[in-house]
Chemist: 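Here it is: the structure, laid out below.
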Amino acid sequence: MIKEKNSKPSKELPLGFVDRQERELLVRDFIISNIKEVMIKYGFQYLETPSFEYSDSIGKFLPDKDRPDEGVFSFKDENKWLSLRYDLTAPLARYVAKNYLEIPKPFKRYQLGRVWRNEKPGPGRFREFLQFDADYVGTKSLQADAELCVMISEILEKCGLAKTDYAIKISSRKITEELFKKLNITDSKQKLIVLRALDKIDRLGWNGVNELLGAGRKDKSGDFTKGANLKTKDIKIIQEELKKKSPETEDLVEIFKIFQDYNFDNFEFDPSIIRGLEYYTGPIFEVNLKFDVTNNKNQVIQFGSVGGGGRYDNLVNNFGNYDAPATGISIGIDRLVYALMQKKEFKVKQYKPVVICVFDKNSMKEYINVQSILRKAGISTEIYPGENKLKKQMEYANKIKSPAVILYGDTEIKSGKPTLRDLSSGKEKSIEIKELVNEIKKII
RNA sequence: GCAGCAGUAGCUCAGUAGGUUAGAGCACUAGUUUGUGGAACUAGGGGUCGGUGGUUCGAAUCCACCCUGCUGUACCA
């Protein structure tokens, strides 16, 4: 086979996709197992939906648009456009609409799954990521909204975060709605610009937001963003309204009362949080971390939230027949992993195998015997995979961070006492086979 | 998308008034030790200096365009 040099396949990954190594995966597994435990306790049922959906089932795309690829990965299958899901909420709405008559009302489900977004990735943000979602469908009760917040904090604390490490920020769409009425802002485009500006308070502060509400803002790199062109007087009114310390809308008053009954206090009323602009209709939540997150160059980066959600009473109704008010919350698992791994006190135990060295292929029977004794006792064990000099085998064991090596050569086999070498101390001991398990457990 | 910065060995980087075979540390391979890892020493492999074109007797170095990455910003249903 002749291959042009230029035709070698690329070993690079597509933008926004990453390989994930064991350390990270173990942290992720840990988080997931905590999530599952909590979900069972709260009585949610487990659901999985496919990665692909019909494009029009999970988003609203203009009929004249040739390719529905704004932000999503799509392809045409026969005559229908399919898209990789960009979140788990839209597929849930589709699922509920499809199975409405069979499912319990309210329907409580949770889901873990990868989602894909065709956007520019940022620090800790990828184009493929794992999301966790818990939703109540078919209830208007604010008890549901409140419980989601309590539940999400239980998960975070189970994962090792302290109360001071995070906060659930809460607001309601009703606040901004009333504000628009008051200021007589009716143009939906301008509403969007205002909402987007307000959404950035945590990053830009009021100074930056005021610029965006007014003429516009120039960022650090010198790039300019046009503003909403509001009057100074109106900007002032917005500021006053959004700086209020306690909520005046009914929904939030009720939720905060429920929090009291739960004895839950790790939340902050923050009228400046906006979140996604399309489908939320009531209370909205955002899960924010309060410690600095850095990149691999040790620079503190703008990390943003690890999750959020809110009430979306009309989403299921979009499919036609059924009216199902709903509320839900989600966590970006990979982002949480990324942040959690930076907490110094956070360690996940990795189990590495004890390595049985190979001196002579003809003694394989003896090695396998020792191996199965150890494995039966639940000890991760392997016979050195290959035929190499002892030195190589030791280097291998060291490289994989094996806790110990078993030397079982001719002399040891004759006496029936393998040598156990503790790889962290370097000490060796001659041990009866039946004592091996006990001795190794001391080392591990 | 827009903007700023950057791309030299697997990794982190040095190397510009343009000049012989392009360097270091770490990692890797072999050996010093043919039954012993993590330390040390010795030797070795590995680079079309992101790509393409241009200027020049001569380009990692200068110019143009492109690609990729980082950071910010916009968008994020």
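Fair warning: this is a prediction, and the values are worked out from it, not measured in the lab. To find a chain, count down the sequence lines: A is the first, B the second, and so on, and within it residues start at 1.
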Chemist: Separation of A:Asp133 atom CG from B:rA77 atom P, in whole Å?
Modeler: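 In whole Å, B:rA77 P lies 13 Å from A:Asp133 CG.
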Chemist: Can you tell me how far C1' of B:rA74 sits from CD1 of A:Ile193, to the nearest Å?
Modeler: 12 Å
Chemist: Kindly say if A:Arg275 contacts the phosphate of B:rC76, meaning a side-chain N or O under 4.0 Å from OP1 or OP2.
Modeler: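 No, no such contact exists.
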Chemist: Considering residues at least two apart in sequence or located in another chain, which fulfil the ring pair (Phe, Tyr, Trp, His ring centres under 6.0 Å) criterion with A:Phe359?
Modeler: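 For A:Phe359, no residue satisfies ring pair (Phe, Tyr, Trp, His ring centres under 6.0 Å) once neighbours in sequence are set aside.
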Chemist: Taking the P atom of each, how far is B:rC75 from B:rU68, in whole Å?
Modeler: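 These two P atoms come out 24 Å apart once rounded.
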Chemist: I'd like to know if the side chain of A:Gln239 pairs up with that of A:Asn210 as donor and acceptor (distance under 3.5 Å, no hydrogens or angles considered).
Modeler: yes
Chemist: Taking the six-membered ring for Trp and the full ring for Phe, Tyr or His, determine whether the centres of A:Tyr46 and A:Tyr110 are under 6.0 Å apart.
Modeler: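 For A:Tyr46 and A:Tyr110, the ring centres are under 6.0 Å apart.
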Chemist: In this structure, how many angstroms lie between the P atom of B:rA74 and the CD1 atom of A:Ile274, rounded?
Modeler: 14 Å
Chemist: Are the charged groups of A:Arg311 and A:Asp145 less than 4.0 angstrom apart, N to O?
Modeler: yes
Chemist: Taking 4.0 angstrom as the limit, do A:Arg421 and A:Glu428 come out as a salt bridge?
Modeler: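 The answer is yes: the pair qualifies as a salt bridge.
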Chemist: In whole Å, what separates the C1' atom of B:rC63 from that of B:rA77?
Modeler: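 After rounding to an integer number of Å, I get 45 Å for this pair.
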Chemist: A:Asn288 and A:Ser305: side-chain donor and acceptor closer than 3.5 Å?
Modeler: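 The criterion, which ignores hydrogens and geometry beyond distance, is not satisfied for A:Ser305 and A:Asn288.
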Chemist: So which nucleotide does B:rA64 pair with, by the Watson-Crick or G-U wobble rule with both distances under 3.5 Å?
Modeler: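 Pair assignment: B:rA64 / B:rU52.
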Chemist: Is any N or O donor-acceptor pair between the side chain of A:Lys200 and the base of B:rU73 shorter than 3.5 Å?
Modeler: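 There is none.
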Chemist: I need the CD-P distance between A:Glu119 and B:rA77, as an integer number of Å.
Modeler: 8 Å
Chemist: Taking B:rG23 as the reference, what is the distance to B:rU61 when you measure between their C1' atoms (whole Å, please)?
Modeler: 15 Å
Chemist: Whole Å only: how far is the NZ atom of A:Lys120 from the P atom of B:rU73?
Modeler: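 It is 9 Å, rounded to the nearest whole Å.
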Chemist: Rounded to whole angstrom units, what separation is found between the CZ atom of A:Phe129 and the P atom of B:rC76?
Modeler: 14 Å
Chemist: Please list every donor-acceptor pair under 3.5 Å in which a side-chain atom of residues 15-27 of chain A meets a protein atom from a residue at least two apart or in another chain.
Modeler:
unit_1, atom_1, unit_2, atom_2, d
A:Arg20, NH1, A:Glu24, OE2, 2.6
A:Glu22, OE1, A:Lys352, NZ, 2.7

Chemist: Using ring pair (Phe, Tyr, Trp, His ring centres under 6.0 Å) as the criterion, list what pairs up with A:Tyr312, not counting sequence neighbours.
Modeler: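 For A:Tyr312 the ring pair (Phe, Tyr, Trp, His ring centres under 6.0 Å) partners, ignoring immediate neighbours, are A:Tyr279.
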Chemist: For the C1' atoms, the ones on B:rG1 and on B:rU52, what distance do you get once it is rounded to whole angstrom?
Modeler: 25 Å
Chemist: Cation-pi check, A:Lys392 to A:Tyr384: give yes when NZ or CZ is under 6.0 Å from the six-membered ring centre and within 45° of the ring axis, no otherwise.
Modeler: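 Because its charged atom misses either the 6.0 Å distance or the 45° angle limit, A:Lys392 does not stack over A:Tyr384.
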Chemist: Taking CZ from A:Arg203 and P from B:rA74, how many angstroms apart are they, rounded to a whole number?
Modeler: 5 Å
Chemist: Whole Å only: how far is the CG atom of A:Leu212 from the C1' atom of B:rU73?
Modeler: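 Atom CG in A:Leu212 sits about 10 Å away from atom C1' in B:rU73.
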Chemist: Between B:rG50 and B:rG58, how many Å separate the two C1' atoms, rounded to a whole number?
Modeler: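 Those two atoms are separated by 23 Å.
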Chemist: Once you apply the 3.5 Å cut-off to both distances, tell me the Watson-Crick or G-U wobble partner of B:rA3, or none.
Modeler: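 B:rU71 - that is the nucleotide pairing with B:rA3, both distances being under 3.5 Å.
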Chemist: For nucleotides 34-39 of chain B, give me one character per nucleotide, 5' to 3': B if any protein heavy atom sits under 4.0 Å from the base, S if the only such contacts are to the sugar-phosphate, - if neither.
Modeler: -BBBB-
Chemist: Taking the same atom, P, in B:rG44 and in B:rA24, what whole-Å distance lies between them?
Modeler: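 Approximately 11 Å lies between the P atom of B:rG44 and that of B:rA24.
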Chemist: Ignoring backbone atoms, establish whether A:Arg196 has a side-chain N or O less than 4.0 Å from OP1 or OP2 of B:rC76.
Modeler: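 A:Arg196 to B:rC76 OP1/OP2: side-chain N or O found under 4.0 Å.
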Chemist: If you check the A:Tyr279 side chain, which of B:rA74, B:rA77, B:rC75 turns out closest?
Modeler: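 Within the option list, the nearest is B:rA77.
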Chemist: Does any nucleotide pair with B:rG25 by Watson-Crick or G-U wobble geometry, both distances under 3.5 Å, and what is it?
Modeler: B:rC11
Chemist: Can you tell me how far P in B:rG15 sits from the matching atom in B:rG7, rounded to whole Å?
Modeler: 11 Å
Chemist: Which protein N or O atoms sit under 3.5 Å from an N or O of nucleotides 67-69 of chain B?
Modeler:
none

Chemist: My understanding is that a pair needs two contacts under 3.5 Å, Watson-Crick or G-U wobble. By that rule, which nucleotide pairs with B:rG46?
Modeler: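 WC or wobble partner does not exist here.
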Chemist: Within 45 degrees of the ring normal and closer than 6.0 Å to the centroid, is that where the cationic atom of A:Lys80 sits relative to A:Tyr54?
Modeler: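 Yes, a cation-pi geometry.
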Chemist: Check side chain to side chain contact (heavy atoms under 4.5 Å, CB included) between A:Glu435 and all other residues, then give those that pass, not counting sequence neighbours.
Modeler: A:Ile431, A:Glu432, A:Asn438
Chemist: Taking atom C1' in both B:rA27 and B:rG38, compute the distance separating them and give it to the nearest angstrom.
Modeler: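 Result for the C1' pair: 15 Å, nearest Å.
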